[in-house]
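So the structure is just underneath, and the comments pick up after that.
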Amino acid sequence: DAKTTQPPSMDCAEGRAANLPCNHSTISGNEYVYWYRQIHSQGPQYIIHGLKNNETNEMASLIITEDRKSSTLILPHATLRDTAVYYCIVRVRSSNTGKLIFGQGTTLQVKP
Amino acid sequence: DGGITQSPKYLFRKEGQNVTLSCEQNLNHDAMYWYRQDPGQGLRLIYYSQIVNDFQKGDIAEGYSVSREKKESFPLTVTSAQKNPTAFYLCASSIPDRVLGYTFGSGTRLTVV
């Protein structure tokens with residue numbers, strides 16, 4: 001599975017959009033981009049995933065560049081409850097080996 | 001509601017004692033996993049099981065043991081051979097090739113004194 005690079009921390013004002021970048025320059029053609037988040041002392045929570053196209057669900061939007069070497073997770077109206085560590089992971093969808101390589105993620109601090 | 005239950009949430013043990021962490025899921029997922037998380041770090045895979053009565057070592061299996069006698073249960077034993085057992089332990093489950101990925105439990109914080 002490809003490795004990812006994320007900034008260690010970011011701040012965002014409450015009510016504004018939070019844009020979290022992720023670089024995955026060695027991504028393979030059959031690897032998906034997944035985003036999870038972990039609120040302090042809880043288990044990670046799935047947010048969204050994508051392969052090539054931009055994706056949107058009730059939690060967030062995922063923008064993947066045309067060359068697929070980077071992506072951005074967008075929380076359109078961040079709230080204080082969105083304060084968490086956000087992990088960008090790339091992996092083959094059918095993989096069942098459990099090797100979710102989380103890295104250190106981006107700590108997002110939403111401020112009032 | 002379906003989910004993964006880890007118990008207890010906090011666990012204290014004396015050095016040299018073995019301790020077993022519980023993980024139960026009612027999601028009918030085939031695969032289950034154990035991760036360890038240290039402060040400020042990402043998750044590291046300890047063991048995983050793709051099917052009942054079968055399990056594989058992850059990246060940091062030394063000092064740990066598991067069993068998978070039932071589909072719903074995947075207990076993790078932290079043995080006295082684990083040199084730095086104090087950590088946050090997370091259990092997860094999944095169905096192969098499902099887009100929603102993994103479901104995680106709420107974790108067990110183990111402190112060895």
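So you know, we letter chains A, B, ... as the sequences are listed, proteins then strands, and number each from 1.
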Applying the 4.5 Å side-chain criterion to the ILVMFWY set and letting contacts propagate, would [X] and [Y] be lumped into a single cluster?
X     : Y     : answer
B/Y47 : B/I51 : no
B/Y48 : B/W34 : no
B/Y64 : B/L43 : no
A/L62 : A/M59 : yes
A/I48 : A/Y86 : yes

Check against side-chain contact (heavy atoms from CB on, under 4.5 Å), B/F104 and A/Y46
CA-CA 9 Å; B/F104 282 85; A/Y46 165 84; over 6 Å; no
Relative to chain B, which of A/P44, A/G105, A/P8 shows the most heavy atom pairs under 4.5 Å?
A/P44
Residues in residues 105-113 of chain B that sit under 4.5 Å from chain A, counting heavy atoms only
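Within residues 105-113 of chain B, near chain A: B/G105, B/S106, B/R109.
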Give the interface residues of residues 70-92 of chain B toward chain A, defined by a heavy-atom separation under 4.5 Å.
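Residues B/F88, B/L90 are the ones that qualify, each having a heavy atom under 4.5 Å from chain A.
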Taking side chain as everything from C-beta outward and backbone as N, CA, C, O, which of these in B/Q41 sits under 4.5 Å from a heavy atom of chain A? Side chain, backbone, both or neither.
both
Under 4.5 Å from any heavy atom of chain A, what part of B/Q6 do you find: side chain, backbone, both or neither?
neither
Which atoms of A/S41 come close to chain B, meaning under 4.5 Å heavy atom to heavy atom: side chain ones, backbone ones, both, or neither?
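Contact with chain B is through both the backbone and side chain of A/S41.
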How about A/K52: does its NZ atom have over 12 heavy atoms from other parts shown lying under 6.0 Å from it?
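No.
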Has B/Y102 got a side-chain atom pairing as donor or acceptor with A/Q45's backbone, closer than 3.5 angstrom?
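Not at all, since once roles are kept as given, no pair shorter than 3.5 Å links the two residues.
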